[in-house]
**Q** 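Have a look at this one before I ask anything.
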Amino acid sequence: MSIEVSHLVKRFSGGSAALNDVSFTIQEGEMIGFLGPSGSGKTTLLRLIAGLDKQNAGEIRIRGQVIDHLSPQKRGVGFVFQNYALFKHMSVFENIAFGLRVQKQRPAEIKARVHDLLDLVHLPGLEHRYPNQLSGGQAQRVALARALAPKPSILLLDEPFAAIDTKIRRELRKWVRQVHDEIGITSIFVTHDQEEALEIADRVLVMHQGRVEQLGTPQEVYDAPKSLFVADFVGEANQFVGVVQSGKFALGPFALDASAKQDGQEVRAIIRPADVRLTTVSSAHDVVGKVIRASYKGNFYGVDVRLTDTVQIQAYVDRKQRDLLIPGQRVAISIQSYRLFD
Ligand code: ADP
Ligand code: MG
């Protein structure tokens, strides 16, 4: 086990708990995504692991050792933050060499290590530049090289590419995953972007209001969310509220089985757009809806369909099925899968 967090509590004066009884375990070599909305406690949790702040209760172990009394430098962690600006008055070389000079390594060793790191982050030849001569993506790659220079066993990344344009951000996160695999480190990648977390992480820790909602593989949190919050926050979801009657949940023309819930209970149904199937109307038994609008999503379309005057649902449709994309068109609709939450 690389990192064990148990019953961590963090309160800032005046506020409610930023972290409230947080426990989880990260395995050696894993890349974990901390995913949650702004204010859910991601940065606070990362800062406690890094040793930049101290918890009010609970314990953190790294490789079995309680590290709560250790300074950040002694924990073997490297970190990169969104706004963790480089030292402006130092060249790229000196920025990366910083931690090595602190460790009093010999100049020849430092030079070799910095050049290895510049290769690793794909910035060879840029050692004489200054931070103001770098793009945002380059600066964050230098920040990563600086974090990795002292060979930490754990790498902490707090929304490192949040300020960078979408296309470059996508490239950078793919690349950061490759670096993680290449050097065999344990990493935590904080993001509020579910697409980013699902793409990059081996497992995702979903946070909400200072608590862990779920820790699981991207597939687990997407396909088997443990709470309404996770179901709604991770991935696209149609959400409907209703009261169970005779073991059924009425959704327009559909009566979804709700026999696991009490009659009279208010529940929420979560239906992924990918689990809503549209076809051309072919039989009198088809449940029929009307296409309102199709929005382009790359390889497929998100199609909003009106079921009744008050019920509307989104389906994903392959872009080749043009006859299902026309506003006003009547389409047959079926629900392949859904989840009910209290
Ligand atoms: P996230 O990184 O998920 O956006 P944070 O960990 O930054 O969330 O914040 C969690 C909660 O703790 C928020 O309510 C925030 O306002 C509060 N908080 C964070 N840092 C401080 C601080 N230094 N002083 C007071 N409150 C703070
Ligand atoms: Mg944050």
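Whatever order the structure lists them in is the order used to number ligands and atoms, beginning at 1. Given the structure is predicted, the values throughout are model-derived calculations rather than measurements. Keep in mind that the numbers below use all heavy atoms, side chains included, and drop hydrogens, waters and symmetry copies.
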**Q** May I ask you to check whether D68 and Q55 show a side-chain donor-acceptor distance below 3.5 Å?
**A**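 There is such a pair (donor and acceptor under 3.5 Å, judged by atom type) between the side chains of D68 and Q55.
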**Q** How far is atom 9 (O) of ligand 1 from the closest protein heavy atom, and which atom is that?
**A**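 That would be T44 OG1, 3.8 Å.
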**Q** Do F189 and H180 have side chains that get closer than 4.5 Å, going by heavy atoms?
**A**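 Answer no - side chains too far apart.
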**Q** Group every Ile, Leu, Val, Met, Phe, Trp and Tyr by side-chain heavy-atom contacts under 4.5 Å, then state whether Y338 and V287 land in the same group.
**A**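 Linked, Y338 and V287 end up in one cluster.
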**Q** At a cut-off of 2.8 Å, list the protein N/O/S atoms near the Mg ion (ligand 2), residue plus atom name.
**A**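 Within the sphere that stays under 2.8 Å of the Mg ion (ligand 2), the protein atoms of type N, O or S are T43 OG1.
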**Q** Write out the residue and atom name of the closest protein heavy atom to atom 8 (O) of ligand 1, then the distance separating them to 0.1 Å.
**A**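 Heavy-atom neighbour on the protein nearest atom 8 (O) of ligand 1: G41 N, 3.2 Å.
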**Q** Using distance alone, with no hydrogens and no angle criterion, decide if D342 and Q265 have a side-chain donor and acceptor under 3.5 Å apart.
**A**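 Looking only at side-chain atoms, Q265 and D342 do form a donor-acceptor pair, the distance falling under 3.5 Å.
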**Q** Measure from atom 1 (P) of ligand 1 to every heavy atom in A18, G210, G39, G36 and give the option owning the shortest one.
**A**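 Closest candidate by heavy-atom distance is G39.
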**Q** Between the side chains of S334 and Q336, is a donor N or O closer than 3.5 angstrom to an acceptor N or O?
**A**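 Result is yes, a qualifying pair exists.
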**Q** For the residue pair R272 and Y222, would you count it as a cation-pi contact if the rule is NZ or CZ under 6.0 angstrom from the ring centre and within 45 degrees of the ring axis?
**A**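 Yes, R272 and Y222 form such a contact.
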**Q** Is there a path of hydrophobic side-chain contacts, each under 4.5 Å between heavy atoms of I, L, V, M, F, W or Y residues, that connects F233 with L45?
**A**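 F233 does not cluster with L45.
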**Q** For atom 16 (O) of ligand 1, is the nearest protein heavy atom under 4.0 Å away?
**A**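 Given the 4.0 Å cut-off, atom 16 (O) of ligand 1 does not count as touching protein heavy atoms.
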**Q** Parallel, tilted or perpendicular, judged at 30° and 60°: which one describes the rings of H89 and F87?
**A**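 H89 and F87: tilted rings.
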**Q** My question is simple, although I want it checked carefully: is atom 25 (C) of ligand 1 less than 4.0 angstrom from any protein heavy atom?
**A**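 Yes; the ligand atom in question has protein heavy-atom contact below 4.0 Å.
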**Q** Please report which non-hydrogen protein atom sits nearest to atom 3 (O) of ligand 1, along with the residue it belongs to and the distance in Å to one decimal place.
**A**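 Here the nearest protein heavy atom works out to K42 NZ, 2.8 Å.
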**Q** Quick one: which ligand 1 atoms are inside 4.0 Å of a heavy atom on P37?
**A**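 Checking each atom against P37, I get 3 (O).
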**Q** Determine whether the side chains of D257 and S259 contain a donor N or O and an acceptor N or O closer than 3.5 Å.
**A**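 S259 and D257 do have a side-chain donor-acceptor pair below 3.5 Å.
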**Q** Measure the distance from atom 7 (O) of ligand 1 to every protein heavy atom, then report the residue, atom name and distance (to 0.1 Å) of the closest one.
**A**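 Nearest neighbour among protein heavy atoms for atom 7 (O) of ligand 1, to 0.1 Å: T43 CB, 3.7 Å.
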**Q** What is the closest protein heavy atom to atom 27 (C) of ligand 1, and at what distance does it sit?
**A**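 Here the nearest protein heavy atom works out to F12 CD1, 3.2 Å.
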**Q** Is it the side chain (CB and beyond), the backbone, both or neither of S13 that lies under 4.0 Å from ligand 1, heavy atoms counted?
**A**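 Near ligand 1, S13 shows nothing, with every heavy atom at 4.0 Å or more.
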**Q** Using the salt bridge (Lys or Arg N to Asp or Glu O under 4.0 Å) rule, pick out the option among K167, K174, R169 that qualifies with E171.
**A**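 Exactly one candidate clears the test, K167.
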**Q** Could you label the plane-to-plane angle of the F24 and F34 rings as parallel, tilted or perpendicular, counting under 30° as parallel and over 60° as perpendicular?
**A**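 The arrangement is perpendicular - the two ring planes meet at more than 60°.
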